[in-house]
2 protein chains.
Amino acid sequence: MTCPGSKIAALGRFVSAADVAERAGVSRSTVSRAFTPGAQVSKSARHRILAAAEELGYRVNRLARTLHQERSDLVGVVGGNFANPYISAQLDALSSALHARGLQCLLMNTARTGGDVSEDLARLLDYRVRTVVLLSGATPDELIRLCAQNGARMVLINRPHPPEGTLADLILCDSARGGRLAAERLAQAGCRKVAVVVSGSRTSAKTARADAFCAEMDRRGIPVTRWADGANSYQTGAEAARALLARPGPHLGPHIEHDGIFGVTDEIALGVLNTARFELGLSVPGDVSVIGFDDAPISGWASHGLTTIRQSLEELTRATMEAIKRPAGAPTTRFDVPVHLVERHTVG
Amino acid sequence: MTCPGSKIAALGRFVSAADVAERAGVSRSTVSRAFTPGAQVSKSARHRILAAAEELGYRVNRLARTLHQERSDLVGVVGGNFANPYISAQLDALSSALHARGLQCLLMNTARTGGDVSEDLARLLDYRVRTVVLLSGATPDELIRLCAQNGARMVLINRPHPPEGTLADLILCDSARGGRLAAERLAQAGCRKVAVVVSGSRTSAKTARADAFCAEMDRRGIPVTRWADGANSYQTGAEAARALLARPGPHLGPHIEHDGIFGVTDEIALGVLNTARFELGLSVPGDVSVIGFDDAPISGWASHGLTTIRQSLEELTRATMEAIKRPAGAPTTRFDVPVHLVERHTVG
DNA sequence: TTGTATGCGTTATCAC
DNA sequence: GTGATAACGCATACAA
């Protein structure tokens with residue numbers, strides 16, 4: 001539109017509909033109409049307006065538009081560890097799907113050092129998000145209350161059940177089945193003394209995976225050690241491995257040895273796996289079997305070949321989008337994401 | 001504040017300052033003052049207002065507030081592959097730093113299938129973002145123009161130089177030095193025929209890494225094959241490895257063999273590494289040396305031990321925040337992030 | 001078809 | 001210290 005080499009008139013501020021109106025010689029209302037689908041504008045006016053907008057670089061201010069609408073286009077997405085291999089894949093898929101629906105992704109990282117998590121989450125409401133999606137972390141009662149009072153919906157992914165009456169859609173992978181599958185697989189491999197590694201936080205579905213695992217092992221009479229400490233991280237898996245796989249030796253204390261370990265997330269399991277193999281010099285699955293939960297992309301890499309319980313990212317994302325797309329007043333739903341065993345090379 | 005068990009009055013819409021004013025028996029103006037730092041309000045009024053706000057679950061509408069302010073608190077963060085191990089770590093650090101400064105992160109994923117990237121990026125301006133940060137992907141002229149016309153700043157991270165006069169702060173890791181370091185290291189390892197693997201997109205600083213690598217190899221008289229195809233992904237590295245490391249055999253064509261490969265990102269290099277080791281049965285660094293660029297967290301895992309060129313994530317994030325914090329009209333800056341060789345176990 | 005007037009939720013300016 | 005009033009940028013009912 002602009003001639004090559006022509007100077008761009010920069011206002012130093014955002015261009016408004018009034019600027020466009022002036023340039024196109026129409027009223028502000030007509031400009032508004034030109035950008036409102038289905039509104040009545042003459043062809044010639046629309047043409048002039050669009051040309052003026054193009055020249056000026058005008059874009060409708062959706063923040064101001066939100067003042068008139070029932071709901072904004074903003075979806076708050078909350079997580080505490082976007083570098084986690086599964087969470088990052090989830091975020092990648094979710095943000096992409098949101099844009100395809102014309103929604104925007106307002107990211108909230110709850111892991112910042114020294115911050116007040118509850119206040120950070122509440123801040124999402126300052127931006128009038130239509131929905132808050134929790135990928136990880138706790139669900140403060142404060143947030144539940146605020147969302148309810150302001151008519152914002154919540155989508156809880158693999159989070160514990162909120163109090164009765166909360167306006168939250170639930171997306172849950174079948175933790176019970178997943179934990180059981182992991183236990184069955186280790187039992188089938190002939191493990192005699194196993195362990196489960198779960199992060200210290202008790203506010204998550206990860207506990208349910210561990211519980212189901214322990215229950216199934218109990219049923220089979222196989223002793224289980226439960227390691228619950230630290231964050232949901234590679235490092236936690238590494239530390240657990242050092243403690244759980246200590247080999248007997250002259251300088252060591254009591255002989256603690258496990259022949260099967262279930263990490264409740266792939267990141268934890270990968271920490272266990274690599275520490276066992278490369279730091280402790282153990283053979284996996286020869287000396288010890290390792291199984292994870294998630295099926296993060298890197299778990300399938302040949303460098304890991306981690307046997308794991310898969311929760312389908314596609315299903316998870318689809319269910320999340322379905323929940324987000326629900327009308328403002330719709331009743332809450334619950335969606336169960338199926339899980340299944342992905343057989344690779346870390347269980348004997 | 002509310003009695004336990006008491007019902008929460010839900011309006012089905014966002015609570016406004018008018019609601020609070022009514023409940024507290026003051027005017028809207030006074031409510032506004034109560035939430036404006038340094039404004040003049042009596043102790044008793046403030047007390048009543050905060051109590052009413054707390055009960056109702058009121059939060060200041062920052063979207064409406066933005067209408068009055070020069071700039072919004074929204075920072076647009078653009079990326080095309082948030083599952084990439086380095087990008088995701090970068091996003092994790094950046095989003096955390098933004099929140100610590102009271103800024104919000106509006107995420108834009110440019111990788112969605114079938115979408116118009118340029119339109120998606122332009123959409124960021126609909127939300128009056130104060131700054132657009134480009135983590136990856138191209139920098140459409142359209143976006144540059146729109147930002148200039150609307151007074152929004154840009155921060156380009158490892159992107160090619162924009163046209164003269166663009167209001168963009170540049171954050172650049174020293175690609176030339178990095179590429180040279182990689183070449184020197186492979187030469188030092190005694191490599192005789194090397195290759196560089198770079199993604200197909202030509203709109204990025206990744207090309208500069210490859211160029212510098214090639215130049216240094218040329219200077220040393222070591223032949224270089226340049227593989228430039230596909231995305232910045234693990235898969236690209238895997239495919240390149242298959243082609244570049246084909247071993248001579250009865251059914252194969254000409255003998256193409258390289259003894260050193262530089263992947264311009266760690267994700268690519270890891271694809272090369274794993275394919276060489278686990279699919280082609282080669283010894284790394286015995287048969288072939290592999291070196292990457294980024295130093296993503298997983299590159300340091302014992303399962304990889306990738307020798308790589310590190311661009312400090314801390315420095316990168318700090319520089320990015322410095323750029324974001326600049327005043328609206330400040331002149332643009334350029335920050336160079338130092339790189340250095342991280343010696344691990346994939347180069348002989 | 002177009003322009004005027006009003007309202008959305010906030011802040012800033014002005015009287016009181 | 002407080003309340004009325006006018007912006008901010010937009011959408012829309014209403015008038016022309």
Side-chain angles (χ1 to χ4, degrees), chain A residues 11-49 52-53 56-74 123 125-130 150-152, chain B residues 11-50 52-53 56-74 125-130 150-152:
Chain A
L11 285 67
R13 58 167 175 82
F14 274 88
V15 181
S16 76
D19 298 322
V20 178
E22 191 186 9
R23 198 154 185 14
V26 295
S27 71
R28 274 157 248 148
S29 327
T30 309
V31 173
S32 179
R33 276 187 274 264
F35 288 96
T36 304
Q40 308 285 340
V41 208
S42 68
K43 266 190 87 159
S44 79
R46 155 167 281 129
H47 184 74
R48 266 181 302 147
I49 291 169
L56 296 174
Y58 169 73
R59 291 242 118 207
V60 175
N61 183 341
R62 294 179 99 99
L63 267 34
R65 179 181 267 181
T66 297
L67 296 186
H68 282 268
Q69 288 172 337
E70 197 198 341
R71 296 201 284 177
S72 77
D73 297 329
L74 263 34
R123 180 145 305 197
L125 294 173
D126 296 2
Y127 297 88
R128 297 316 190 237
V129 293
R130 54 147 60 196
N150 288 287
Chain B
L11 285 68
R13 59 168 174 81
F14 275 89
V15 181
S16 75
D19 298 322
V20 178
E22 191 187 10
R23 199 158 185 8
V26 296
S27 70
R28 272 159 281 182
S29 318
T30 309
V31 173
S32 178
R33 276 188 275 265
F35 288 96
T36 303
Q40 307 286 339
V41 207
S42 70
K43 264 190 87 160
S44 79
R46 155 168 280 128
H47 184 74
R48 267 180 302 145
I49 291 169
L50 292 184
L56 295 174
Y58 169 73
R59 292 243 118 206
V60 174
N61 184 340
R62 295 180 99 101
L63 267 33
R65 174 182 273 180
T66 297
L67 295 186
H68 281 268
Q69 288 174 338
E70 198 198 339
R71 296 201 284 177
S72 78
D73 297 330
L74 263 32
L125 295 173
D126 296 1
Y127 296 88
R128 296 313 188 242
V129 294
R130 53 147 59 197
N150 287 286

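Throughout, a chain's letter reflects where its sequence line sits, starting with A, and its residues are numbered from 1. Bear in mind that the values here come from a model prediction, so they are computed numbers and not experimental data.
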Calculate the interatomic distance between E22(B) atom CD and dG9(C) atom P; express it in whole Å. 13 Å
Roughly how many Å is it from CG in D126(A) to C1' in dT11(C), rounded to a whole number? 15 Å
For D19(B) and dT10(C), give me the distance from atom CG to atom C1', rounded to whole Å. 14 Å
Does dT4(C) have OP1 or OP2 under 4.0 Å away from a side-chain N or O of S27(A)? no
Please encode protein proximity along nucleotides 8-16 of chain D as a string of B, S and -, counting only heavy-atom distances under 4.0 Å. BBBBBB---
Rounded to whole Å, please give me the gap between CD in Q69(B) and P in dG9(C). 18 Å
In whole Å, what is the span from the CZ atom of R46(B) to the C1' atom of dT2(D)? 14 Å
Taking only residues two or more places apart in sequence or in another chain, which ones pass salt bridge (Lys or Arg N to Asp or Glu O under 4.0 Å) with R28(B)? none
Can you confirm whether or not the ring centre of Y58(A) sits under 6.0 Å from the ring centre of F14(A)? no
Tell me whether R130(B) is salt-bridged to D73(B), with the criterion being a basic N under 4.0 Å from an acidic carboxylate O. no
Just by distance, no angles: are the side chains of S29(A) and S32(A) close enough, under 3.5 Å, to form a donor-acceptor pair? no
Between CZ on residue R13(A) and CZ on residue R71(B), distance to nearest 0.5 Å: 16.0 Å
R48(B) atom CZ is separated from dG1(D) atom C1', nearest whole Å, by 12 Å
Interatomic distance where CD1 belongs to I49(B) and C1' belongs to dG1(D) [whole Å]: 11 Å
So A39(A), base contact, sugar-phosphate only, or nothing? Heavy-atom distance under 4.0 Å. nothing
Is any side-chain heavy atom of R128(A) closer than 4.5 Å to one of L74(A)? no
